[in-house]
Amino acid sequence: MQTVTNGFQLNPSALLETAFQTIADSEMQDLPFFQPQIPVRACGFQLFERQWVGTILTPWMLSLLVLPGPEQVWQPYAVGDKLALSLPCGSVRFIVGEIAGCGQYLACSLMSPLDRHLGADQALALAQQSARMALSLPVADGNIPSNPGRRALFGLSQRTA
């Protein structure tokens, strides 16, 4: 029987690193895409709409994660269920995952397996920048109408400066 996932009062980075390091040490090392030079790191976790959002870097993948924040209670989903969330960067599709010590989380794969040419420093920088970008507002040219159809409605397409 599934249980309700309660929120993390504090940043879950240390718990995530411990949980994923356990998997790295016990299950992943013999796989051909495992890259031992890449550390397990939780990067950039911060609260967004009362949920923890950040990235997890492991020797086999980089993913964007969402976990319940303080005072949040998530109803359980089946591992593998898909959900779409609106983040500042746009609509992102997540898959429900679960890991001992952290419970259920939402994951969006950013790179799996990791590029073989990435060094540890490059991979960490990519993980940190990815976490930042997920919560960054998109940049748009303020001079372009957001709805070009409206321009025609008001006759702006016919005007000359």
Side-chain angles (χ1 to χ4, degrees), residues 2-3 5-70 72 74-142 144 146:
Q2 295 178 325
T3 59
T5 301
N6 292 317
F8 293 90
Q9 299 303 311
L10 302 175
N11 187 320
S13 292
L15 293 171
L16 287 166
E17 288 178 4
T18 299
F20 278 93
Q21 187 65 57
T22 299
I23 291 172
D25 294 342
S26 63
E27 300 174 28
M28 302 300 286
Q29 290 183 354
D30 295 331
L31 297 175
F33 49 82
F34 187 86
Q35 296 186 56
Q37 78 278 11
I38 305 293
V40 172
R41 291 288 184 279
C43 298
F45 274 85
Q46 60 182 301
L47 287 171
F48 174 74
E49 293 188 2
R50 300 174 22 177
Q51 313 304 318
W52 291 106
V53 179
T55 58
I56 187 73
L57 173 67
T58 70
W60 64 94
M61 59 93 176
L62 171 63
S63 289
L64 180 65
L65 299 186
V66 178
L67 290 95
Q72 298 299 300
W74 287 4
Q75 294 302 314
Y77 287 92
V79 171
D81 280 355
K82 294 173 178 62
L83 302 166
L85 298 179
S86 292
L87 296 177
C89 66
S91 181
V92 180
R93 188 175 195 159
F94 290 89
I95 295 176
V96 176
E98 191 166 351
I99 191 167
C102 297
Q104 287 196 337
Y105 58 89
L106 302 178
C108 174
S109 177
L110 301 177
M111 187 182 292
S112 180
L114 291 178
D115 185 317
R116 284 248 173 240
H117 299 99
L118 280 178
D121 290 341
Q122 292 171 313
L124 281 168
L126 179 60
Q128 291 164 345
Q129 292 168 2
S130 296
R132 221 176 1 262
M133 287 174 57
L135 297 180
S136 295
L137 293 174
V139 177
D141 184 343
I144 297 175
S146 61

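No experiment lies behind these values; they were computed from the predicted model shown. Along the sequence shown, residues are numbered consecutively beginning with 1. The figures here come from the full heavy-atom set of this structure, side chains too, leaving out hydrogens, waters and symmetry mates.
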Worksheet item: Is Q104 reaching over with its side chain to a backbone N or O of Y77, donor-acceptor style, under 3.5 angstrom?
Response: yes
Worksheet item: Step by step, would you call L31 with W60 a side chain to side chain contact (heavy atoms under 4.5 Å, CB included)?
Response: CA-CA 9 Å; L31 297 175; W60 64 94; over 6 Å; no
Worksheet item: Which atoms form the tightest heavy-atom contact between W74 and P68, and what is the distance?
Response: CZ2-N, 3.3 Å
Practice prompt. In sequence, state the C-alpha distance, the side-chain angles, and the governing distance for M61 and F33, and then conclude on side chain to side chain contact (heavy atoms under 4.5 Å, CB included).
Written response: CA-CA 9 Å; M61 59 93 176; F33 49 82; over 6 Å; no
Worksheet item: With side chains defined as the heavy atoms from C-beta onward, is the minimum distance between L47 and P70 less than 4.5 Å?
Response: yes
Worksheet item: Taking all non-hydrogen atoms of both residues, which atom of A127 and which atom of L57 are closest, and how far apart?
Response: CB-CB, 4.1 Å
Discussion item. Evaluate L118 against M111 for side chain to side chain contact (heavy atoms under 4.5 Å, CB included), listing each step before the verdict.
Written reply: CA-CA 11 Å; L118 280 178; M111 187 182 292; 3.9 Å; yes
Worksheet item: So how far is it from I38 CD1 to R116 CZ, rounded to the nearest 0.5 Å?
Response: 10.0 Å
Worksheet item: Do Q51 and E49 have side-chain N/O donor and acceptor atoms under 3.5 Å apart?
Response: no
Item to complete: Report the distance from atom CG of L106 to atom CG of L64, rounding to the nearest 0.5 Å.
Response: 9.5 Å
Item to complete: Starting at CG of L15, measure out to CZ of F20 and round the result to the nearest 0.5 Å.
Response: 12.0 Å
Practice prompt. Please report the closest heavy-atom contact between P39 and A120, naming both atoms and the distance.
Written response: CD-CB, 4.0 Å
Fill in: Pairwise distance CG(L65) to CZ(F45) - rounded to 0.5 angstrom
4.5 Å
Worksheet entry | Contact summary for A100 and A19, nearest pair of heavy atoms | O-CB, 3.5 Å
Worksheet entry | Separation of S136 OG from L87 CG (nearest 0.5 Å) | 11.0 Å
Worksheet item: Hey, does F48 have a side-chain heavy atom less than 4.5 Å from the side chain of P88?
Response: yes
Response to the item:
Interatomic distance, CD@Q21 vs OG1@T58, rounded to 0.5 Å, equals 9.5 Å
Worksheet item: Taking C-beta and beyond as the side chain, do Q29 and D25 meet within less than 4.5 Å on heavy atoms?
Response: yes
Worksheet item: Where is the tightest heavy-atom contact between P59 and F34, given as atom of each residue plus distance?
Response: CB-CE1, 3.5 Å
Discussion item. Are the side chains of W52 and V66 in contact, using a 4.5 Å heavy-atom criterion?
Written reply: no
Item to complete: Using atom types as modelled and distance alone, determine if a side-chain donor or acceptor of Q128 lies under 3.5 Å from a backbone N or O of C43.
Response: no
Discussion item. On a heavy-atom basis, which atom in L110 and which in S130 lie closest, and how many Å separate them?
Written reply: CD1-CB, 3.8 Å
